[in-house]
Amino acid sequence: MIWAPLAPEIALLSAACLLLIIDTLSRDEKRRLTYWLGLAALILSAVLVLAFSPLEPVVLLHGHYVSDPMSAVLKEAICVITIAVFFYAYDYFEEHGLLQGEFFVLSLFAVLGMMVMVSAHSLLTVYLGLELLSLSLYALVAMHRDSPTASEAAIKYFVLGALASGMLLYGMSMLYGVTGTLELPAVSAVIAQEAGRNLILVFGLVFVIVGIAFKLGAVPFHMWVPDVYEGSPTAVTLFISSAPKIAAFAMAIRLLVDGMAPLVSDWQGMLIILSLLSMAAGNVIAISQTNIKRMLAYSTIAHVGFLLLGILSGTRTGYAGSMFYVLVYALMSIGAFGMVILLGRHRFEADRLDDFQGLSRRSPWFAFIMLILMFSMAGAPPLIGFWAKWFVIKEVIAAGYVWLAVLAVTFSVIGAYYYLRIVKLMYFDEPTHLTALKASQEMRFILSLNGLAVLLLGFMPGLLMAVCVQAMRM
Amino acid sequence: MSFDIPFLSLLVWAPILGGVWVLYAGDRQAGTVRHLSLTISVIVFALSVLAWLRFDTNTAAMQFVEFVPWIEAFRINYHLGIDGISLPLIVLTTFTTVLVVLAAWDSVESRIAQYMAAFLILEGFMNGVFAALDAILFYFFWEAMLIPMFLIIGVWGGPRRVYATIKFFLFTFLGSVFMLVALLYLYSQAGSFYILHLHDLPLSLTAQKLIFISFLLAFSVKVPMWPVHTWLPDAHVEAPTGGSVILAAIMLKMGGYGFLRFSLPITPDASLAFADLMIGLSLVAIVYIGFVALVQHDMKKLIAYSSVSHMGFVTLGFFMAFFVQQETGAIMGMEGGLMQMISHGFVSGALFLCVGVLYDRIHSREIKDYGGVVNTMPQFAALMMLFAMSNSGLPGTSGFVGEFLVILGSFQARPWIAFLAATILVLGAAYTLWMYKRVIFGDVANENVAELQDLTAREQLFLGLLAVAVLAFGLWPAPLFDVMHASIQNLYEHMLQSKVIP
């Protein structure tokens with residue numbers, strides 16, 4: 001069965017198309033069927049990913065597609081994260097009267113795009129996956145048609161996203177022009193043979209890095225992040241901030257490591273600048289935010305800075321560190337946005353920081369979950385976020401950039417301040433009202449599970465680390 | 001005896017799991033929560049005493065060692081073990097937690113379950129810090145400790161609690177992250193996080209100096225040394241009684257412990273190179289902060305500054321050892337420093353509890369709101385007298401032993417340093433006894449004081465226990481020295497061996 005490794009993608013594509021038809025025929029206002037079938041499709045592809053996870057890389061479709069340990073782990077993570085996103089999102093759309101079957105269909109297409117990105121083995125596949133993901137996301141952001149902020153966010157995201165895709169494509173065309181091939185390892189091999197520095201190659205590299213930085217949201221290509229995060233419906237923000245970051249990480253690894261490893265000394269320097277700027281700007285600007293979605297947007301930018309540390313160390317364990325970071329980040333991020341959804345009431349977004357005031361009196365349990373998430377994002381043990389920072393900083397030091405590690409930890413202390421402020425609001429301030437939280441049982445259960453995972457993984461991070469190291473050993 | 005109880009794991013995890021249990025029991029069953037917390041803390045204390053009884057004082061090797069691979073990919077292990085330096089600190093921790101639980105019995109009214117749980121979980125993490133033999137495990141506990149303490153100050157603290165607790169968190173966090181960088185650098189050189197391996201790792205002088213500085217940032221904030229002590233008065237003043245007690249009695253000791261476990265043995269050459277600086281900073285703390293303490297009018301703030309001043313003695317004792325010619329003198333100074341840590345744990349804890357006793361009745365910490373307390377609270381006055389005397393270093397109390405040994409050790413190297421250090425005996429007596437005089441003696445100052453009730457049975461119990469400890473270690477400190485001697489001796493030999501690679 002030569003097509004076997006493609007099974008998850010094929011299943012997902014079929015399911016998404018099928019869902020689109022079923023949803024048009026369904027008369028259920030609550031879209032229960034679409035929701036459950038969407039979940040089933042994700043679970044199915046998660047199972048298929050697991051069933052066909054390869055020990056050795058398998059290249060298919062004339063060198064355009066690869067299935068290797070890294071792709072298996074990342075796809076599995078994308079599926080699991082998206083399953084959680086569906087749980088949170090259904091609750092949100094129901095509460096806000098925005099239930100539309102399109103959310104689930106578009107999300108499945110986005111997941112398919114991410115899977116293609118993760119498994120890309122040629123420049124063309126990278127671009128194909130990226131566009132499938134991006135177009136689905138643009139539509140998702142615009143889903144709340146009547147909201148001017150959502151429309152503004154969608155336009156902004158679309159225009160800037162298209163520009164970045166253009167940049168990326170331009171860079172790829174230069175690479176293709178010099179090397180004469182689309183396949184990433186072949187590109188790498190040709191670059192290795194080039195004696196001396198080829199100016200066009202470096203130019204191509206710059207454009208590719210711009211594309212990657214935009215998709216990750218690294219400074220100075222981060223302008224879209226706060227606006228899109230704030231303007232989108234929270235459930236969509238939740239989605240954008242989690243799984244697509246995993247895919248963007250995979251894109252960075254595919255393009256930079258698989259495709260341009262011989263140019264490592266060139267992209268290392270660029271990533272150092274991106275990483276430092278992201279950590280500095282993200283952490284400092286987040287302090288002055290009063291909207292939690294904007295604050296988390298800047299926190300994402302700071303996290304991206306940390307994530308880049310692992311990649312720029314240029315070693316296999318360094319990449320594993322970044323992979324660990326992005327997985328942990330996705331877990332924390334859906335938890336934090338899940339809390340924002342939980343606090344929201346009927347047609348009311350609880351997206352101001354003040355909405356957290358006195359939460360420990362209103363709901364001690366969920367205040368505790370948020371406490372765990374905030375300290376984890378700040379990087380304090382015994383939570384998993386500490387290990388993520390620990391891993392990438394360790395790799396940066398091993399690569400010899402001690403000064404960079406010192407700057408990184410300093411920025412993480414600055415960042416701790418705004419996470420502490422949320423804890424302060426929840427625990428040290430008195431609540432302004434005492435209405436109980438309204439949320440479905442599933443939502444409560446998944447959110448609790450999410451928070452406890454962040455806590456318990458902090459005590460036993462070894463397994464996930466081993467998985468990441470194993471996946472990156474090729 | 002062939003059967004082995006995993007003492008250290010129990011000391012770490014029993015309070016943490018107990019804390020989770022207490023949290024689960026919740027505020028609705030306040031009575032159960034109090035008894036449950038007390039039982040857990042007493043059991044943990046009993047375990048630590050049992051460990052002390054079974055401790056072999058003849059060896060400097062780690063005892064009660066537990067080893068389980070934790071994160072195998074990077075050779076991080078769940079590696080616990082204690083020697084003569086950590087054992088007394090662990091016993092101090094478990095003892096103090098019992099007192100804190102007792103002190104909170106009636107005086108904490110809101111969210112009692114969360115309060116007790118925070119202290120129990122904190123106790124587990126603190127024991128973990130003292131017992132960890134793996135550098136990352138150490139760091140894990142060291143930082144984890146901040147979260148419960150952050151909440152304790154912030155939730156149950158005074159009016160300016162938010163400012164104080166965020167300042168506390170950010171100061172300690174900033175100091176600690178540099179230690180993490182240093183530990184990771186050491187790992188990149190040694191390929192191991194085992195602390196005793198790091199002791200033997202050869203390093204160039206430049207590397208040692210940089211590592212020493214990053215350790216210094218972490219430990220000096222905790223001790224706290226002048227000039228990074230400014231978080232302490234704020235945190236102490238705003239923290240609830242229990243929080244102040246734990247901060248003063250144990251958290252400050254972690255800085256001193258860090259010097260003994262990390263800075264001195266891992267970077268001995270840098271320690272020697274920076275010894276003058278360290279001694280200078282210690283003297284500034286002792287003398288300057290002593291004067292600062294003199295002018296305070298808030299009792300808690302006064303004791304907080306007194307803590308900074310007394311902890312100056314600890315660092316002085318450790319770093320003077322480089323300049324003392326005879327081995328016995330050097331070791332005497334270091335043992336004095338460690339003794340001072342233990343004694344200060346009892347004395348400062350006791351003084352904060354005394355302030356807590358008064359605060360529960362009158363809700364003021366200002367010295368001017370008191371006066372003539374002896375007329376209405378004679379028992380209290382008598383006990384506080386003992387602690388005040390011990391804080392001023394009266395012979396026969398535990399406060400004297402450590403200070404005397406450090407001064408004696410310093411005198412052998414540089415008499416003028418000993419002279420400056422000895423001013424603490426004058427200054428300490430001045431600020432402590434002056435405060436005591438203004439609060440306790442004189443005529444009854446106002447109606448509030450006239451209506452004071454003397455100690456309840458519970459307060460008699462915890463202050464009485466501390467009085468026994470202060471007197472016992474003052475009159476007969478030998479058991480403590482027996483425990484620490486072999487380890488300090490071993491540490492001293494490590495310090496003298498240069499490990500510079502050419």
Side-chain angles (χ1 to χ4, degrees), chain A residues 317 320 324 360-361 364-365 368 371-372 374-375 378-383 386-387 389-391 393-400 402-417 419-421 423-429 458-470, chain B residues 16 23 26-27 69-74 76-78 110-111 113-114 121 125 128 136-137 139-147 150-151 153-157 161-163 165-166 168-189 191 193 207 210 214:
Chain A
T317 33
F324 184 78
S360 74
R361 297 266 183 197
W365 173 248
F368 175 67
L371 170 100
I372 291 177
M374 287 298 110
F375 275 113
L383 306 159
F386 160 70
W387 292 107
K389 290 213 166 65
W390 175 87
F391 200 158
I393 289 170
K394 170 177 150 331
E395 291 311 320
V396 167
I397 291 173
V402 180
W403 62 272
L404 191 54
V406 170
L407 285 176
V409 294
T410 314
F411 287 128
S412 83
V413 176
I414 297 173
Y417 174 74
Y419 298 119
L420 289 182
R421 203 171 48 178
V423 176
K424 175 235 163 202
L425 281 169
M426 292 191 302
Y427 278 83
F428 308 162
D429 290 356
F459 285 97
M460 43 194 95
L463 184 64
L464 191 55
M465 282 185 187
V467 166
C468 290
V469 171
Q470 200 63 40
Chain B
I16 293 179
L23 211 52
D27 287 340
W70 188 23
I71 301 170
E72 285 180 80
F74 303 108
I76 299 176
N77 304 301
Y78 176 75
S110 77
R111 310 197 215 182
Q114 295 177 29
I121 292 172
F125 288 147
I136 292 301
L137 188 64
Y139 187 82
F140 182 81
F141 286 127
W142 170 277
E143 290 279 78
M145 220 166 56
L146 294 182
I147 299 177
F150 175 75
L151 293 175
I153 301 176
V155 175
W156 293 276
R161 59 185 199 270
V162 174
Y163 169 77
T165 195
I166 289 185
F168 157 76
F169 192 97
L170 291 182
F171 255 77
T172 22
F173 199 51
L174 181 66
S176 310
V177 290
F178 295 111
M179 172 168 73
L180 180 65
V181 173
L183 292 177
L184 288 170
Y185 176 78
L186 286 169
Y187 173 76
S188 74
Q189 301 298 305
F193 282 118
L210 291 173
S214 35

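Numbered from 1 within each chain, the chains take letters A, B, ... in sequence-line order.
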- prompt: Does the side-chain contact (heavy atoms from CB on, under 4.5 Å) test come out yes or no for A:Ser360 and B:Gln114, once each step is laid out?
  reply: CA-CA 11 Å; A:Ser360 74; B:Gln114 295 177 29; 5.8 Å; no

task: Quick one: do A:Ile393 and B:Val177 satisfy side-chain contact (heavy atoms from CB on, under 4.5 Å)? Show the steps, please.
output: CA-CA 11 Å; A:Ile393 289 170; B:Val177 290; over 6 Å; no

- request: Step by step, work out the side-chain contact (heavy atoms from CB on, under 4.5 Å) result for A:Trp390 and B:Ile71.
  value: CA-CA 13 Å; A:Trp390 175 87; B:Ile71 301 170; 5.7 Å; no

task: Apply side-chain contact (heavy atoms from CB on, under 4.5 Å) to A:Tyr427 and B:Thr165, showing your working.
output: CA-CA 12 Å; A:Tyr427 278 83; B:Thr165 195; over 6 Å; no

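With values rounded to the nearest 0.5 angstrom, B:Leu174 atom CG is found 6.5 Å from A:Thr410 atom OG1. To the nearest 0.5 angstrom, B:Phe140 atom CZ is 6.0 Å from A:Trp387 atom CH2. Here CG of B:Leu184 is found 9.5 Å from CD of A:Glu395. Values are rounded to the nearest 0.5 Å.
Counting only heavy atoms from C-beta outward, the side chains of B:Leu151 and A:Val423 approach each other to under 4.5 Å. Using a 4.5 Å heavy-atom cutoff, the side chains of A:Lys424 and B:Arg161 are not in contact.
Aromatic rings of A:Phe386 and B:Tyr139 (six-membered ring for Trp) have centroids within the 6.0 Å cut-off, being under it. Checked against a 6.0 Å centroid threshold, the rings of B:Phe169 and A:Phe375 count as neighbours.
Ring orientation note: the planes of A:Phe391 and B:Phe74 are nearly perpendicular, at an angle over 60° on the 30°/60° scale.
The two residues B:Val181 and A:Ile397 have their closest heavy-atom pair at O-CD1, 3.6 Å. Considering all non-hydrogen atoms of both residues, A:Pro381 and B:Ile147 come closest at O-CD1, 3.6 Å. When every heavy atom of A:Ser412 is checked against every heavy atom of B:Phe173, the shortest pair comes out as O-CE2, 4.1 Å. Between B:Ser188 and A:Ala398, the shortest heavy-atom distance links the atoms CB-CA, 4.5 Å.
In this structure, the portions of A:Val406 lying under 4.5 Å from any heavy atom of chain B include both its backbone and its side chain. Within the 4.5 angstrom heavy-atom criterion, only side-chain atoms of B:Tyr187, from C-beta onward, approach chain A. The parts of B:Glu143 that come within reach of chain A are both its backbone and its side chain, each placing non-hydrogen atoms under 4.5 angstrom from that chain. Using a 4.5 Å cut-off between heavy atoms, B:Ile136 contacts chain A through its side chain alone, with no backbone atom that close. Using a 4.5 Å cut-off between heavy atoms, A:Leu463 does not touch chain B at all. Both the backbone and the side chain of A:Tyr417 come within less than 4.5 Å of a heavy atom in chain B. For B:Leu180, the part sitting under 4.5 Å from any heavy atom of chain A is the side chain, from C-beta outward, and nothing else.
Applying the side chain to side chain contact (heavy atoms under 4.5 Å, CB included) rule to A:Ala408 yields the partners A:Met279, A:Phe306, A:Leu309; only residues at least two apart in sequence or on another chain are considered. Residues passing the side chain to side chain contact (heavy atoms under 4.5 Å, CB included) test with B:Leu210, sequence neighbours excluded: none.
When each of B:Ala73, B:Gly154, B:Pro69 is scored by its heavy-atom pairs under 4.5 Å with chain A, the top score falls to B:Gly154.
Judged purely by atom type and a 3.5 angstrom limit, B:Trp70 has no side-chain atom pairing as donor or acceptor with the backbone of A:Pro461.
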